[in-house]
Each structure stands twice: as C-alpha cells, then as structure tokens.
Student: 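Here you go, one structure.
Please read all numbers here as calculations on a predicted model, not as lab measurements.
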Amino acid sequence: MERSPNQENDPTPATAPTSATRPPTPADEPKPARLSPPSTDDPDPAQPPPPAADDPDPAQAPPPAADAPPLPPTPPAPADEPSPPVLADAPPPPAPTDDPNPPPVSPVVADASEPPQGPPAPEKDESRTGRAGGKAKAVRWTLRVLALLLLPLLIAETVLRINYAGDPKAGTYSRNRDALWLGHAWVDGRRTDADVTALAARLADTGIRDLYVHAGPLEHNGTLPTSACPKARWLITAVHRKLPGVRVQAWLGDELAPEKPDAMHLERKATRDAVVESARQVVRVGFDGVHFDLEPLHSGDRNYLALLDALRPATPLLSVAAHQIDPLPAFHSFWGTATGHPKWWSQEYFGQVARRVDQIAVMSYDTMQPLQSLYGGYVAQQTSLALEVTPADTDLLMGLPFYHENRFGHWAHAETVPAAVRGVRLGLSRTAPDRATFGVALYVDFAATEDDWTSYRKDWVRTS
C-alpha cells in the first residue's frame, strides 16, 4: 500500500504412510522352496528296486516248514536311506497287486507345467503411487504458473533497469515549484518560533514553494473537528513572515471505503458535502489552499471526481496526493484481483484527476523495488507516464522518500533520494525537458535525515 502521508510517526492528538505401516514388499517375503523334477540318473524313490536275478520269485517261494523256527522281523531301513518326499496333495500309493512287475510309480507334482506357487505377492500400494503421481503433477503445474507470472515480471524489471540508464539532459533541475509535507506538530502547539526560524533557514535557496501541513485527519463523515489544528493561524503568519512567497496548505486526509470497512464513503453525497465544508473551514483559518490525501482510492472512482469538481470553488488552491500509474497496462485490475488492493491508477484516470486540480503530487515511493537501479528506473517511468497526461497548467510533483523503513513494499537501501532524483530527471529529459510546471515533493519533514537534505540540494537544487 502506498505510504499514506497521514500515517506519520509524528504524534498527533487525532488520529505418504510411515515406515511402521509400510506394507511388506516382495523382497521382505520368505522365498518358497522350489521342487525340482526328479533326475533321470537317480532311482525313483517311490519305486521298489527290482528283484535280483538269482533270487527266487517271492511269489513262488515255498512256504516255511511247520517245525521251522519263526523268521526274524524285517530290520528297519538304514537311517541314512532317504525317505521318499511327501508331496502335498499326492495321491495314495497304489494298492498291492499280484503283478510281479508293477508299473513304476512316479512322484506326482501338481501341474508340472507351472512352477510351484508360493504365498501371494503383496498387492501394489495404489494409494502411494497415486499420491506420488499427484505430487509430480502438482509440482509441474506450480512451475508452469510461476513461469507465467515470473516471465512478465522479469521483463518488466529489465525494462526498469534500462530506464535507469543514460544521462539526464542539462537543465533538468528544480523549477522552484517543490513542496514539503510537514507533520501535525506544527499546528498543535508543539512547535515554536525557533522551529519556524530553523525551518526557514533549511528551506532558503531551495525550490520549495508549498508546505502541506497536516491539519486533519477528517472524520469518516467528512467533517473536521475545530480542535484539530489550534495553532494553524500562528504557523501561517510565521511562515509568511519568514518565508515570503511560500504557500501554506492544509493537508487533509482519511481512509476510504469499500477497501477499509470503517472509513469514509465518498458515494454518499452528504459526506462529500461535508468534505467541501471542511475545505472552506481551513481556508477561513488562513490556509492558502487545501491538499487532499484520500486513500486507498481505486482507479475510476467517479465519486472522487465529483468531489474534486465540488471543491474547486471552495478553495483558491486545490492540490491532491495521487496514486502511482499502472506500470503495465491494466495492472491495477490484475493486482486488485490478486490482492484486493488495486494500488495503481490507470493513466487515463490519472489524467482525469490532474485536469481537475491545481497541483498533483505522485506518491512515487513504496514501490516494492529491491534495488536502487530498479527503483530509479521505476520513478523515471512514472514521471514520463504522468507528464504525458498532466495538463501544462497543472503543477506535477514527483514524491521523494524522505523516510527510512524496511518492510514489504519499501526498502530503505533501494528507495533513496539520489535514485529518485536521477529517475525524475531521466523521465523529465525524455518526455518534457522544458516543462516549467514541474517539481518534486519531499515526504516527510520529521523522518528526514541530513543525507536526504544534502542529496536533494546537490542532485536537484544544484547547491552544496
């Protein structure tokens, strides 16, 4: 979000499964014993050996004599003689037969044409493979989206870096139409005559002609409390005395709906009428004009244009703080859809606003640029875009960052006064080098450093 000038630090009274559950893989299973077909060289263990040639046929042996002693029992087979293998589901051995040469009995192997079946292999973890495939698709999709988003960004940043190249034209310096935003302390009694004297000394021999003094904020209904700026008349008198020719404007602002839920509603005519009356109120105090900073103000807001039309006869000098212009066509629409905060104005809308005011000051800071060269190139681009649509009789001022914060949207090491001034001069050189109604606006007095003032004098005012 653009840095709102009324958000000052100056105190004011107003305002996939784990390994434990992994199914076993085939490698974890015990391997079943394989049964080999019997060798043709080994005797069939299930077939009895043929009788010896010299032995009588057991079937024709004479019965033993009656007085013969009983035959001893048949000794058991030697222990080392292998027992025939017991096969699962083997058929029972054939019944005894009187055939002296029974056919050989072969071991029966179940379905000898197929290898023996072991336990079933574990089923493939479909959920695992499905998740893996889904993750891969998601990664590819994400990379494509990032490429689509980053490619235009890289192109745009490259263009900004190119914008920062080259040398500004000679004579593109201050036109003595610059401005400075001042905090609320100047009108609530915290500043003294000594402070005004010091301010006058600092501004001497610079191009500053307007002071935007924080006199608000406005109430959400558009009114201005009478107690908002009790020392305003004193300040105006002191500045006019010590800085002849410098104009003191009342800086009024507020947050806007619908982006802010509890804020000012410009669609309400009663609210707009109250804002006009507040402008008349500060003019009666003695201010030379009114400077409005109402945000976040969306591009194309017709209610704002209606307010500006109503304000023209209420103040001798009408000035506004303006949002930045789309760096890419319709970028405010894209950004608004993505973030809910459009931030930029279209160039056309910027021109519509510029034609209704005496001064328009671009808040050319809080740009999200990470490098001085990119920030300077961005300011050069903004300067050219604004110059193209601002009428010659309207003062166009480009904002300079006289504050130092590090947060999303603003990096103090990138958004510097030297980079901004160089960008302003480059944009002015390329678009309207001879334009007289042009200047810079310094934000803000209570956050500025000596280095900021030195850079402003050296690079823009051309004094040491």
Side-chain angles (χ1 to χ4, degrees), residues 1-15 181-189 212-232 249-285 287 289-315 317-324 332 336 339-345 349 352-353 356-357 359-361 363 366 409 443-444:
M1 177 177 178
E2 299 84 346
R3 179 176 179 88
S4 170
N6 62 9
Q7 296 172 354
E8 53 174 295
N9 296 326
D10 184 29
T12 75
T15 33
W181 278 283
L182 295 178
H184 200 85
W186 291 94
V187 293
D188 66 3
Y212 304 144
V213 185
H214 190 266
L218 294 168
E219 298 292 338
H220 293 336
N221 62 5
T223 60
L224 179 68
T226 56
S227 60
C229 47
K231 301 292 288 184
Q249 300 190 46
W251 164 16
L252 304 178
D254 194 18
E255 294 182 324
L256 297 179
E259 190 170 329
K260 299 293 182 177
D262 182 20
M264 181 182 291
H265 288 259
L266 287 182
E267 74 276 11
R268 299 172 182 169
K269 185 177 184 303
T271 300
R272 298 198 303 270
D273 291 343
V275 172
V276 174
E277 180 55 35
S278 296
R280 293 192 180 103
Q281 178 180 330
V282 295
V283 170
R284 288 194 295 267
V285 170
F287 282 102
V290 187
H291 174 81
F292 283 95
D293 175 33
L294 302 173
E295 54 180 305
L297 183 60
H298 294 184
S299 181
D301 191 327
R302 307 300 301 181
N303 298 308
Y304 182 62
L305 298 180
L307 173 63
L308 295 179
D309 290 337
L311 283 167
R312 284 306 295 258
T315 174
L317 178 62
L318 180 58
S319 173
V320 295
H323 289 239
Q324 299 157 27
H332 69 277
T339 68
H341 172 52
K343 182 179 174 70
W344 291 271
W345 287 352
Y349 187 68
Q352 292 173 348
V353 173
R356 287 170 165 82
V357 298
Q359 281 184 334
I360 185 167
M363 295 181 284
D366 288 0
Y443 183 86
V444 60

Student: Check whether any side-chain N or O of R356 sits under 3.5 Å from a backbone N or O of Q352 as a donor-acceptor pair, and report yes or no.
Tutor: yes
Student: Quick one, T223 and E277 - any side-chain contact, counting heavy atoms below 4.5 Å?
Tutor: no
Student: Taking the side chain as C-beta and beyond, is there a heavy-atom pair between D262 and E255 under 4.5 Å?
Tutor: no
Student: Looking only at heavy atoms, which two atoms of L252 and A215 are closest? And how far apart?
Tutor: CD2-C, 4.0 Å
Student: Compare every heavy atom of E219 with every heavy atom of P225, then report the nearest pair and how far apart it is.
Tutor: CG-OE2, 3.3 Å
Student: Just by modelled atom types, is the L297 backbone N or O under 3.5 Å from a matching donor or acceptor in the H323 side chain?
Tutor: yes
Student: Main chain of W344, side chain of S299: is a donor-acceptor contact present, judged purely on distance under 3.5 Å?
Tutor: no
Student: Strictly distance-based, threshold 3.5 Å: is any side-chain N or O of Q249 a donor or acceptor partner for the main-chain N or O of F287?
Tutor: no
Student: Kindly give the heavy-atom pair with the smallest separation between H184 and A228, and that separation in Å.
Tutor: NE2-O, 2.8 Å
Student: Once rounded to the nearest 0.5 Å, what's the spacing between atom NE2 of H265 and atom CG of N221?
Tutor: 11.5 Å
Student: Please confirm whether the backbone N or O of D301 pairs with a side-chain atom of Y349, one donor and one acceptor, at under 3.5 Å?
Tutor: yes
Student: Is there side-chain contact between V290 and L311, with heavy atoms separated by less than 4.5 Å?
Tutor: no
Student: Classify the ring geometry between Y212 and H291 as parallel (under 30°), tilted (30 to 60°) or perpendicular (over 60°).
Tutor: parallel
Student: Of the non-hydrogen atoms in A263 and L256, which two are nearest, and what is the gap between them?
Tutor: CB-C, 3.6 Å
Student: At what distance, to the nearest 0.5 angstrom, does CD of E295 lie from NZ of K343?
Tutor: 9.0 Å
Student: Restricting to non-hydrogen atoms, name the atom on S278 and the atom on G222 that form the minimum distance, rounded to 0.1 Å.
Tutor: OG-O, 2.7 Å
Student: Might you work through the side-chain contact (heavy atoms from CB on, under 4.5 Å) test for L224 and V275, ending with a clear yes or no?
Tutor: CA-CA 8 Å; L224 179 68; V275 172; over 6 Å; no
Student: Is it the case that atom CZ in R312 sees more than 12 heavy atoms from other parts of the structure closer than 6.0 Å?
Tutor: yes
Student: Could you pull out the closest heavy-atom pair between L294 and L307, with the gap in Å?
Tutor: CD1-CD2, 3.9 Å
Student: Do H214 side-chain atoms and W251 backbone N/O form a donor-acceptor pair below 3.5 Å?
Tutor: no
Student: Quick one: are V285 and C229 in side-chain contact, heavy atoms under 4.5 Å?
Tutor: no
Student: Mind checking whether W345 and Y304 have parallel, tilted or perpendicular rings, split at 30° and 60°?
Tutor: tilted
Student: With a 4.5 Å cut-off on side-chain heavy atoms, are R272 and V276 touching?
Tutor: no
